[in-house]
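A, B, ... follow the sequence lines: proteins, then strands. Residue 1 opens every chain. Not measured: the values here are computed from a predicted model.
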2 protein chains.
Amino acid sequence: MTQAPSIPGQADPLDVARRTLARYIADKGLKSTRQRDLIAETFLSQGEHLRVEQLLKLVRTLDSRVSAATVYRTMKLLSECGLASQHHFGDGQTCYEPAVGRHHHDHLICTRCHAIIEFESDRIEALQGTIARRHGFLVTHHRLELYGLCAACLASGAVAEPEKVKEKKPKPAEVPARR
Amino acid sequence: MTQAPSIPGQADPLDVARRTLARYIADKGLKSTRQRDLIAETFLSQGEHLRVEQLLKLVRTLDSRVSAATVYRTMKLLSECGLASQHHFGDGQTCYEPAVGRHHHDHLICTRCHAIIEFESDRIEALQGTIARRHGFLVTHHRLELYGLCAACLASGAVAEPEKVKEKKPKPAEVPARR
DNA sequence: GTAAGTGCAAACGTTTTGCAATGAA
DNA sequence: TTCATTGCAAAACGTTTGCACTTAC
């Protein structure tokens, strides 16, 4: 699947993340707990876009007693300390992705199989900067999402009919992108 | 507020919209009702990004018995016939904007006062096409949103602290209030 | 008269919250 | 011992739906 493009010449992102979290917890007078660690570890090592529901399922394979509330609370925490970034891809569910040791990137989202493909474009970012400047606007973050049909779905002759999103999708193999 | 950039050399967008709706209703064997007309008229003449809740409030100043369900149903209808486009700006609420006689455009969104500024960029659109092509992806629609602080909020010395979005904010310039 | 549309309330799916019990420091 | 954290269940949120009633055609 989509591999996190780690920034070269830096320490292992997972390790950086662990340390960042530990420091954040210490600084804020919070506590390190079994559930917190379990959720953070599961999320970070997954290295992918994950819906809360999926994350909860994963975590529960390791500890079936973890509650949804704790996952929500922990993901909020990870967002606050910059280890996770939150997305809403229009299916009404919150989706998180690890944010450490990663370049900023945007997304291509297949409305049929829900595949998420990442891309980066310095040129688009530059144009965004120009536009913001023109409006006297200070951009803190942005979101660029291209919706449509991925190569796999196009190949399998899919009509542009989007599915109702509920995660029972037979995901077609991802197509390697030309760069 | 943001003025709809109507396409020059065409009929009054509001009129076009009315006719489009009438035709759609006739074609589909639907019915023209008092509520439908009221909601459509209110929405279209408002000419702006409107949350369902705001729209409902507006409509209810004219007829207090209109239900939220009807507003939702009607906005779905307007979306289907291309008169409204739906947005989710990350505050968990659906927001519609009139789509007739308008160029495609993207948004700058102030995280402090929730002002929405529209912009167009052919160059960004072109780059998006290039990227999609590179991934063998067929784009049906896209979304580009730049979040941050608008000129007014910057001028009033706002810190980059985004509010919790719930709209009890003391807005510097213009204020679309909710609740 | 017949279907489509309405309002209402109840149901929905996701997320948040209050609270008593638990556990890390 | 203290106070953050947990699990649970209930609430909250925006939205959708079932249904009996109403209305446009």
Side-chain angles (χ1 to χ4, degrees), chain A residues 21-40 42 50-57 59-60 62-81 84 86-96 163-168, chain B residues 21-40 42 49-57 59-60 62-81 84 86-96 164-168 178-179:
Chain A
L21 180 56
R23 196 177 323 117
Y24 187 83
I25 283 177
D27 287 357
K28 292 261 180 177
L30 307 179
K31 286 170 183 173
S32 165
T33 68
R34 191 173 39 79
Q35 294 92 326
R36 213 108 98 168
D37 294 347
L38 178 58
I39 294 165
T42 304
L50 223 49
R51 295 188 215 143
V52 174
E53 192 196 0
Q54 298 173 301
L55 179 56
L56 177 61
K57 211 197 290 185
V59 166
R60 280 194 169 157
L62 300 169
D63 180 347
S64 59
R65 292 168 321 232
V66 174
S67 72
T70 300
V71 172
Y72 280 107
R73 289 188 272 231
T74 303
M75 290 318 296
K76 196 177 165 202
L77 190 76
L78 293 190
S79 293
E80 281 163 16
C81 63
Q86 208 186 49
H87 296 274
H88 299 273
F89 289 134
D91 58 357
Q93 287 178 269
T94 304
C95 166
Y96 288 95
E163 274 175 29
K164 240 273 164 164
V165 168
K166 216 64 229 193
E167 185 154 352
K168 5 97 194 258
Chain B
L21 181 56
R23 196 177 323 117
Y24 187 84
I25 282 179
D27 287 358
K28 292 261 178 178
L30 307 179
K31 288 169 183 172
S32 165
T33 68
R34 190 175 40 78
Q35 293 92 329
R36 212 108 100 169
D37 294 348
L38 178 58
I39 293 165
T42 304
H49 303 83
L50 223 49
R51 296 187 216 146
V52 175
E53 194 194 0
Q54 297 174 301
L55 178 56
L56 177 61
K57 211 198 288 185
V59 167
R60 281 194 169 156
L62 300 168
D63 179 348
S64 60
R65 290 167 324 232
V66 174
S67 71
T70 299
V71 172
Y72 280 106
R73 289 188 272 231
T74 302
M75 290 318 295
K76 197 179 164 202
L77 189 77
L78 293 189
S79 293
E80 280 163 18
C81 64
Q86 207 186 50
H87 296 274
H88 299 272
F89 289 134
D91 58 359
Q93 287 178 268
T94 304
C95 165
Y96 288 94
K164 240 283 165 142
V165 169
K166 218 67 223 198
E167 196 141 343
K168 8 128 184 205
R178 131 168 144 94
R179 201 155 287 240

Think [X] has a side-chain N or O under 4.0 angstrom from the OP1 or OP2 of [N]?
X: Y72(A); N: dT15(C); value: yes
X: T33(A); N: dT6(D); value: yes
X: S32(B); N: dA24(D); value: no
X: Q35(A); N: dG7(D); value: yes

Separation of [X] atom [atom1] from [N] atom [atom2], in whole Å?
X: M75(B); N: dT6(C); atom1: CE; atom2: P; answer: 14 Å
X: R34(A); N: dG7(D); atom1: CZ; atom2: C1'; answer: 11 Å
X: R51(B); N: dC13(D); atom1: CZ; atom2: P; answer: 14 Å
X: K76(A); N: dT17(C); atom1: NZ; atom2: C1'; answer: 11 Å
X: F89(B); N: dG14(D); atom1: CZ; atom2: P; answer: 17 Å
X: D37(B); N: dT23(D); atom1: CG; atom2: C1'; answer: 13 Å
X: Q86(A); N: dT15(C); atom1: CD; atom2: P; answer: 8 Å
X: R65(A); N: dA9(D); atom1: CZ; atom2: C1'; answer: 19 Å

Would you mind telling me which residue lines up with the more 5' stretch of DNA chain D, K31(B) or T94(B), judged by nearest nucleotide?
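Looking at DNA chain D, the more 5' nearest nucleotide goes with T94(B).
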
Return the 5'-most residue of the pair I25(B), A69(B) with respect to DNA chain D, ranking by each residue's nearest nucleotide.
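Comparing both residues, the 5'-ward one is A69(B).
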
Looking at every non-hydrogen atom in both residues, tell me the closest pair between R60(B) and A68(B) and how far apart they are.
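Reported closest heavy-atom pair: NH2-N, 3.9 Å.
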
Do you know which two heavy atoms are closest between T70(B) and V66(B), and how far apart they sit?
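So the two residues come closest at CB-CG1, 4.5 Å.
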
DNA chain C: A68(A) or D63(B), which has the more 5' nearest nucleotide?
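Residue closer to the 5' terminus by nearest nucleotide: D63(B).
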
Closest-nucleotide ordering on DNA chain C, the 5'-leading residue of V66(B) and G29(B):
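Result of the comparison: G29(B).
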
Please report the C-alpha distance between D63(A) and R34(A) in whole Å, then the side-chain angles of each, then the deciding distance to 0.1 Å, and finally whether the side-chain contact (heavy atoms from CB on, under 4.5 Å) criterion is met.
CA-CA 10 Å; D63(A) 180 347; R34(A) 191 173 39 79; 2.5 Å; yes

Pair I25(B), K31(B) - check side-chain contact (heavy atoms from CB on, under 4.5 Å), show working.
CA-CA 6 Å; I25(B) 282 179; K31(B) 288 169 183 172; 5.6 Å; no

Heavy atoms, side chains only, cut-off 4.5 Å: are Q35(A) and T74(A) in contact?
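A side-chain contact is absent here, since even the closest heavy-atom pair is not under 4.5 Å.
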
Closest approach to the side chain of L30(A), judged atom by atom: which nucleotide of dT15(C), dA4(D), dC8(D) is it?
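Nucleotide nearest to L30(A)'s side chain: dA4(D).
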
Which listed nucleotide (dT15(D), dT6(C), dG18(C)) is nearest to the side chain of R73(A)?
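Comparing dT15(D), dT6(C), dG18(C) against the side chain of R73(A), the answer is dG18(C).
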
